[in-house]
Asks: 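Mind looking over this structure? Questions follow.
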Amino acid sequence: MAAINPPKSFDPWDQTFLADPYPAYADLRTHGRIHYYEPTDQWLVPHHADVSTLLRDRRLGRTYQHRFTHEDFGRTAPPPEHEPFHVLNDHGMLDLEPPDHTRIRRLVSKAFTPRTVERLRPYVDRLASELVGELVAAGGGDLLTVVAEPLPVAVIAEMLGIPESERAQLRPWSADICGMYELSPSEETAERAVRASVEFTEFLRELIAVRRKEPGDDLISGLIAAYDEGDRLSEQEMISTCVLLLNAGHEATVNATVNGWWALFRHPEQLAALRADRGLVGTAVEELMRYDTPLQLFERWVLDEIEIDGTVIPRGSEVALLFGAANHDPAVFAEPEALDLSRAENPHISFSAGIHYCIGAPLARIELAASMGALLEQAPSLRLAAEPSRKPNFVIRGLEGLLVEV
C-alpha cells in the first residue's frame, strides 16, 4: 500500500498537538504504517511492530558518515558555524555506528554493569530522600527544580567525577545542546547549542587534564586508563561520551518524573492505588514511561533501501520512529489510553532497542523509583498547586515546571 501524507492532526508545532499528541498518533496508525511528512522531509513510522523492528534493522543508522559523504548521500553539510556542536555530538556513541559505536560502548558499559549500578542505589535513595525532605520542609514548591532535576544530574555527575562546586552549569549546558534535537531548530537555538558545546568541551578538557594527573574512582578516570592501555579512545570521544552520558543520563529521567506526576494528579484513582500499595512502584515507573513518553521521536538514516507496507524508502531518506505512538499502539497494549499502574505486560520502547538501547536504563529506573518512593513516604498528601505549562517541544517532551503542595 502506498504511503500517504499524514492526517492534518499531526502538527508538531501546534500547541493543541503538543499538549496531547496521542489522538493524532491514533490517526496516524489508522491511516497507515508509514507517512511522508513534507515539512521535515521525514518518513513517520507510528506502529509498535515497525518501530521495534526498524530500531534493530542495520539498513538504518544514526549516522551515514561512516559510509557516505554528505554529497554521496544527497544531503547538505551543516553550516561551518555549527561545527562545535556537530564535533561534540558526532563523536558520542549514540550517533556512531559499528565499529566505533561497539568500541566506545564496550568501554562505557563497564560503568553500567548491574553490579555497578546496584552499588549506586544507597546513594540514589539517600539523595532522593534529602531532596524530597527539602520539598516537604518548604511546604511544597516546584517538583521539577527541587527533586526531578537535581537527582539524576547529581548521580551522573558523581559517576563522572565532576566536583559538586562545578555542577551548576551542567543542566543549562545540557538544555541548550538538547535544543538541537528538536525538529527544524532555529538559528538562535543553534547559536545557544554551539556556545554550550564550546564551553562544555573546554570544561571537560580541563577536567580530563586534572584526572590524568590525579586519577580517581570515577568514569572519566576509567576512560583515561583505558586510553592509556591502548583501547583507542580519543580525547574528543571521551569528551563527547561524557556529554552524552550527562544529557541522556538525566534528560529523560527529569521529564519522566514530572510527566509521570502530572499524569498521576490527573488520575487520582491510580494515585490512590499507588499510595495504598507501594509494591506498585516498579510497574508504575514502567507505565508512566509508556503513558507519556519523554522521548517522542528517534531518527534514523536509511543506509540501504527498505520497504514498508509496499512503499519503498530510498537510501538517503530520514525515518522518524514515533516512540509515543508506538507506546500507545492497541495492537500491543490493552486500552493504551488508560493509565494502569498495575500493567504487567508492558513492552514499551521508551529506552529504545537494538544496539542503541539506553545503556543507563537500569540506573534511570532506580532513580525514578527512588524519587517516587520518597515522595510517597514523606509527602503522602502531595497535591497539585497550579496547572503546569508544557514546554514548546515535540521530540523531548516535558513541562516548564510542576508546582505542588504538601
Asks: Side chains of Asp309 and Thr311: is there a donor and an acceptor less than 3.5 Å apart?
Replies: no
Asks: Could you tell me whether Lys8 and Asp14 make a salt bridge, using a distance below 4.0 angstrom between a side-chain N and a carboxylate O?
Replies: no
Asks: Less than 3.5 Å apart, any donor N or O on the side chain of Asp95 or Thr63 sitting next to an acceptor on the other?
Replies: no
Asks: Could you tell me whether Arg103 and Glu237 have a side-chain N and a carboxylate O separated by less than 4.0 Å?
Replies: yes
Asks: Considering residues at least two apart in sequence or located in another chain, which fulfil the ring-ring contact (aromatic ring centres under 6.0 Å, His included) criterion with His91?
Replies: none
Asks: Distance-only, no hydrogens or angles: does the Gln65 side chain make a donor-acceptor pair with backbone N or O of His70 under 3.5 Å?
Replies: no
Asks: Kindly write out the residues that satisfy ring-ring contact (aromatic ring centres under 6.0 Å, His included) with His267, not counting sequence neighbours, or none if the list is empty.
Replies: Tyr291
Asks: Would you call Arg171-Glu251 a salt bridge at under 4.0 Å N-O?
Replies: yes
Asks: For Phe85, give me all partners under ring-ring contact (aromatic ring centres under 6.0 Å, His included), at least two apart in sequence or on another chain.
Replies: none
Asks: For Tyr181 and Leu295: C-alpha separation, side-chain torsions, deciding distance, then whether side chain to side chain contact (heavy atoms under 4.5 Å, CB included) applies.
Replies: CA-CA 10 Å; Tyr181 304 139; Leu295 180 65; over 6 Å; no
Asks: Which residues pass the ring-ring contact (aromatic ring centres under 6.0 Å, His included) test with Tyr357, sequence neighbours left out?
Replies: none
Asks: Using a strict cut-off of less than 4.0 Å between a Lys/Arg side-chain nitrogen and an Asp/Glu carboxylate oxygen, indicate whether Glu118 and Arg121 qualify as a salt bridge.
Replies: yes
Asks: Enumerate the residue pairs fulfilling ring-ring contact (aromatic ring centres under 6.0 Å, His included) with a member in residues 185-205, sequence neighbours excluded, ordered by first and then second residue.
Replies: Trp173-Phe200, Trp173-Phe203
Asks: Please assess Val302 against Trp43 for the test side chain to side chain contact (heavy atoms under 4.5 Å, CB included), listing each intermediate value before the final yes or no.
Replies: CA-CA 10 Å; Val302 179; Trp43 294 87; over 6 Å; no
Asks: Assert yes or no for the condition that the ring centre distance of Tyr25 to His328 is strictly below 6.0 Å.
Replies: no
Asks: Rounded to the nearest 0.5 Å, what separation is found between the CD1 atom of Ile239 and the CG atom of Leu244?
Replies: 13.5 Å
Asks: Output yes when Arg195 and Asp176 qualify as a salt bridge under the 4.0 Å nitrogen-oxygen rule, no when they do not.
Replies: no
Asks: Begin with the C-alpha distance, continue with both residues' side-chain angles, and end with the deciding distance and a verdict on ring pair (Phe, Tyr, Trp, His ring centres under 6.0 Å) for Phe333 and His48.
Replies: CA-CA 10 Å; Phe333 304 98; His48 188 283; 5.7 Å; yes
Asks: Is the backbone N or O of Ala334 less than 3.5 Å from a side-chain atom of Arg343, with the two atoms forming a donor-acceptor pair by type?
Replies: yes
Asks: Output all residues satisfying salt bridge (charged side-chain N to carboxylate O under 4.0 Å, His left out) with Glu405, sequence neighbours left out; order by chain, then residue number.
Replies: Arg383
Asks: Please report the shortest heavy-atom distance between Pro150 and Leu144, naming the atom on each side.
Replies: CD-O, 4.0 Å
Asks: Going by an N to O cut-off under 4.0 Å, is there a salt bridge joining Arg167 and Glu158?
Replies: yes
Asks: Check whether any side-chain N or O of Ser221 sits under 3.5 Å from a backbone N or O of Asp217 as a donor-acceptor pair, and report yes or no.
Replies: no
Asks: Give a yes or no on whether a salt bridge exists between Asp57 and Arg300, defined as a side-chain N under 4.0 angstrom from a carboxylate O.
Replies: no
Asks: Would you check if there is a donor-acceptor pair between the side chains of Arg205 and Thr201 at a distance under 3.5 Å?
Replies: no
Asks: State plainly whether the residues Arg290 and Asp340 are in salt-bridge range, i.e. N to O under 4.0 Å.
Replies: no
Asks: Under the side-chain contact (heavy atoms from CB on, under 4.5 Å) test against Arg275, which residue among Leu375, Leu264, Leu376, Leu280 passes?
Replies: Leu376
Asks: So, taking the atom named OG1 in Thr241 and the one named CG in Leu233, what distance separates them when rounded to the nearest 0.5 Å?
Replies: 6.0 Å
Asks: Can you confirm whether the side chains of Glu287 and Thr283 place a donor and an acceptor under 3.5 Å from each other?
Replies: no
Asks: Test the Arg62-Phe298 pair against the cation-pi criterion, namely NZ or CZ under 6.0 angstrom from the six-membered ring centroid and within 45° of the ring axis.
Replies: yes
